[in-house]
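Read through the structure below, which is laid out as structure tokens, and then see the notes.
Side chains included, hydrogens not; waters and symmetry mates left out as well; all remaining heavy atoms used. In this chain, residues are counted from 1 in sequence order.
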Amino acid sequence: MVRSSHLKRANLYLRKHRRWPLSPYKAKWHQTWNQQQAMQNFKQSLTTPQTQQQEQMNPNQPRILSSLLHSFSIYNCEPTPEAYRFVIKTLAESSQFCQISSVLEHLEQNENFEMPEYILADLIKKYADANKIQDSIKLFHRIPKFRCVPSVYSLNTLLSVLCRNKEWIKIVPHILLKSQVMNIRMERSSFRILIDALCKMNKVGHAMKILNCMINDGFWVDGRICSLILLSFCEQKDLSSVELMGFFEEMQKLGFCFGMVDYSNVIRSLVKREKSFDALGILNQMKLDGIKPDIVCYTMVMSSVIAEENYVKADELFDELLVLGLVPDVYTYNVYINGLCKQNKVEAGIKMIACMEELGCKPEVITYNTLLQALCKVGELNRLRELLKEMKFKGIVLNLKTYSIMIDCLISKGEIIEAYDLFEEVLDKDFCPPSSMFDETICRLCHRGLVCKAIELLKKMADKNVSPGLRVWEALLLNSGSKLDFVDTSLIGFVNQSSNWPC
């Protein structure tokens with residue numbers, strides 16, 4: 001009985017002080033469910049023809065907007081920002097940008113919710129992708145009208161699209177001034193966007209000004225930005241080595257700690273400008289800064305000092321990299337062997353091939369071509385033949401440069417028959433030798449009285465669509481002699497055909 005009395009008092013209290021019954025339509029989950037159903041109904045309506053009644057509801061609105069509002073009104077709820085995002089995305093993908101303007105006007109005048117900034121920023125990019133950059137700018141300026149507080153997110157979005165084009169980037173100063181009026185403060189990410197764009201356009205001077213503004217505004221400069229500016233500076237074609245070294249020192253004063261990639265870029269730039277002394281200085285600076293140079297840096301500097309015939313320094317660098325425990329690659333060996341060949345130390349270069357193989361570094365055709373060129377220069381024809389056999393035995397594929405070196409050497413030594421056989425091997429491998437190689441071989445054949453072989457080679461020259469030079473015709477006519485009656489038909493045919501050959 002006590003329990004029953006207690007329940008009665010509780011029920012009486014509930015009836016007096018609590019609204020009853022509780023309406024399920026006011027629950028948040030039910031509102032979310034209605035919005036989901038409205039969105040599903042809206043998407044289905046886009047795939048079905050619009051009825052005459054729906055067309056007469058609001059003829060001034062785009063169909064997709066009226067369908068959206070109608071679908072949500074059926075379920076007694078308001079369209080969500082995501083629903084409008086779907087509408088804008090659908091219109092943009094179908095290039096119906098005129099209807100997007102109507103949607104934006106409706107959002108501005110008839111809705112009360114705060115439009116998420118990421119939706120407007122996404123539309124800024126879509127306008128730019130459609131080459132409607134003025135619409136992107138206007139939308140950026142209208143952001144506050146959508147009850148949205150603009151931030152650096154939308155500013156960076158607009159800066160990114162403006163920096164795609166050299167003409168559009170001229171609008172950036174105006175946008176930055178306008179952003180100050182809109183109380184948007186640039187962040188480090190904004191400066192990085194501008195610096196990236198200017199470096200890609202080779203406007204390194206302007207990039208440095210932006211970098212100075214970034215420092216003056218109190219932002220710390222990360223390594224990526226400095227590396228990008230340094231790389232762009234190194235790629236300037238009209239830049240002197242003095243300017244490059246000055247810029248290098250200026251970046252150090254800013255407190256930028258260079259990394260391996262940065263040092264490599266500076267060395268590569270100096271090597272291209274044939275400044276081996278400066279490149280060597282940067283290599284030494286790396287070691288002073290506690291950075292161990294890699295094999296690429298040593299190879300570049302070594303090639304530079306060899307180009308200036310400083311062979312003593314090249315030997316020192318090669319010994320030094322070995323002491324540091326660096327393993328030379330095939331490019332390093334090619335550079336060093338080239339230096340030995342320039343000193344006419346061909347046998348030392350050949351011995352280096354054995355050293356390469358002992359260390360597991362397989363020589364390539366460029367390695368052998370360097371040695372073949374040196375042997376040809378000193379006239380070591382027999383040694384040249386031995387090296388060629390070694391290449392074939394090791395399975396190294398000969399390229400056109402290899403054959404060109406061999407043929408030139410054989411012709412200079414008067415071994416015209418061997419040169420002719422090697423020439424046929426070139427043609428059998430579907431190489432297309434330059435006309436100068438054809439001309440020299442044909443002329444040497446004619447001088448040796450081998451006119452028939454010269455004519456055969458001329459035919460193969462025609463098959464390769466290579467035009468012979470004037471000296472070829474002169475050699476054929478001058479050296480044919482009494483044999484002209486046997487070859488005059490072929491010569492006349494070639495003369496008639498030569499009008500169709502390329503010059």
Side-chain angles (χ1 to χ4, degrees), residues 241 264 267-284 287 293-391 393-394 396 398-413 415:
S241 61
S264 298
I267 291 174
R268 185 177 292 105
S269 179
L270 291 171
V271 168
K272 288 182 179 179
R273 290 169 172 78
E274 299 179 353
K275 298 296 180 180
S276 63
F277 181 79
D278 292 333
L280 187 61
I282 296 296
L283 186 71
N284 294 328
K287 292 179 285 187
D294 60 3
I295 195 64
V296 176
C297 293
Y298 270 102
T299 302
M300 289 190 294
V301 176
M302 193 162 60
S303 66
S304 181
V305 297
I306 287 175
E308 295 189 6
E309 299 182 354
N310 190 351
Y311 304 117
V312 175
K313 179 56 68 175
D315 290 335
E316 292 177 1
L317 289 172
F318 192 77
D319 293 338
E320 183 179 309
L321 69 90
L322 293 175
V323 171
L324 290 175
L326 297 176
V327 180
D329 56 17
V330 67
Y331 304 104
T332 310
Y333 280 112
N334 288 345
V335 168
Y336 188 68
I337 290 173
N338 180 50
L340 293 174
C341 291
K342 283 188 173 182
Q343 302 173 71
N344 294 326
K345 298 179 180 179
V346 187
E347 288 301 325
I350 295 174
K351 290 179 180 179
M352 286 300 299
I353 292 181
C355 296
M356 292 175 64
E357 294 173 336
E358 288 179 3
L359 294 175
C361 182
K362 185 178 180 181
E364 59 183 7
V365 66
I366 298 175
T367 313
Y368 279 97
N369 284 349
T370 304
L371 294 169
L372 292 174
Q373 186 79 53
L375 289 171
C376 181
K377 182 179 178 181
V378 297
E380 292 287 342
L381 186 57
N382 292 331
R383 196 74 177 93
L384 188 123
R385 291 181 179 125
E386 293 175 3
L387 203 60
L388 186 65
K389 289 180 181 179
E390 182 181 326
M391 291 177 66
F393 177 77
K394 292 180 179 180
I396 297 177
L398 280 62
N399 59 14
L400 185 59
K401 177 68 174 177
T402 312
Y403 285 107
S404 178
I405 294 171
M406 290 294 301
I407 291 172
D408 288 344
C409 186
L410 290 169
I411 290 176
S412 64
K413 293 296 182 180
E415 302 291 339

Query raised in the report: Within a radius of less than 6.0 Å around NZ of K394, do more than 12 heavy atoms belonging to other residues, nucleotides or ligands occur?
Result: yes
Query raised in the report: Got a second to check how far E358's CD is from M352's CE, nearest 0.5 Å?
Result: 10.0 Å
**Report entry** Exam field: side chain S404 to backbone L400, donor-acceptor pair closer than 3.5 Å
**Finding:** no
Query - T332 vs L326 side-chain heavy atoms within contact, under 4.5 Å - result: no
Query raised in the report: How far apart are the closest heavy atoms of A279 and V301, and which atoms are they?
Result: O-CG2, 3.9 Å
Query - Qualifying residue for side chain to side chain contact (heavy atoms under 4.5 Å, CB included) with L372, from V346, V365, T367, L387 - result: L387
Query raised in the report: How far does CG of N369 sit from SG of C376, to the nearest 0.5 angstrom?
Result: 11.5 Å
Report task. Taking E308 for its side chain and S304 for its backbone only, find out whether a donor-acceptor pair lies under 3.5 Å. Result -> no
**Report entry** Spacing of L321 atom CG and I295 atom CD1 [to the nearest 0.5 Å]
**Finding:** 4.5 Å
Requested in this report: Apply side chain to side chain contact (heavy atoms under 4.5 Å, CB included) to the pair D315 and Y336, showing each step before the final yes or no.
Outcome: CA-CA 8 Å; D315 290 335; Y336 188 68; 2.9 Å; yes
Query raised in the report: More than 12 heavy atoms of other residues, nucleotides or ligands under 6.0 Å from CD of E274: is that the case?
Result: no
Query raised in the report: Under 4.5 Å between any side-chain heavy atoms of I267 and V296, yes or no?
Result: no
Query raised in the report: Got a sec, which pairs hit salt bridge (charged side-chain N to carboxylate O under 4.0 Å, His left out) with one end in residues 370-385, sequence neighbours left out?
Result: E347-R383, R383-E386, R385-E418
Query raised in the report: In Å and rounded to the nearest 0.5 Å, what is the CD1 to CG distance from I366 to N338?
Result: 11.0 Å
Report task. Write down the atom of G339, the atom of I306, and the distance for their closest heavy-atom approach. Result -> CA-CG2, 3.8 Å
**Report entry** Closest non-hydrogen atom pair, L371 against G349
**Finding:** CD2-C, 3.8 Å
Query raised in the report: So, do I353 and Y368 sit near enough that their side-chain heavy atoms are less than 4.5 Å apart?
Result: yes
**Report entry** Derivation of the side chain to side chain contact (heavy atoms under 4.5 Å, CB included) call for I405 and L375
**Finding:** CA-CA 10 Å; I405 294 171; L375 289 171; over 6 Å; no
**Report entry** Residue pair R268 / S264, side-chain donor-acceptor N/O under 3.5 Å
**Finding:** no
Query raised in the report: Within a strict 4.5 Å, meaning less than it, do heavy atoms of the V327 and L359 side chains meet?
Result: no
Query raised in the report: Hey, does Y333 have a side-chain heavy atom less than 4.5 Å from the side chain of P363?
Result: no
**Report entry** Distance (rounded to the nearest 0.5 Å) between T402 OG1 and Q373 CD
**Finding:** 10.5 Å
**Report entry** Partners passing side chain to side chain donor-acceptor pair (under 3.5 Å) against E320 (at least two apart in sequence or in another chain)
**Finding:** K287, Y298
Query - N334 side chain vs V330 backbone, donor-acceptor pair below 3.5 Å - result: yes
Query - Min side-chain heavy-atom separation L398-M406 under 4.5 Å - result: no
Report task. Could you tell me whether K272 atom NZ has more than 12 heavy atoms of other residues or ligands within 6.0 Å of it? Result -> no
Query raised in the report: Is any side-chain heavy atom of Y311 less than 4.5 Å from a side-chain heavy atom of K345?
Result: no
Report task. Nearest 0.5 Å please: distance from the NZ atom of K313 over to the CZ atom of F277. Result -> 9.5 Å
Query raised in the report: Okay, side chain of S412, backbone of D408: is any donor-acceptor separation there less than 3.5 Å?
Result: yes
Query raised in the report: Under 4.5 Å between any side-chain heavy atoms of L322 and P328, yes or no?
Result: yes
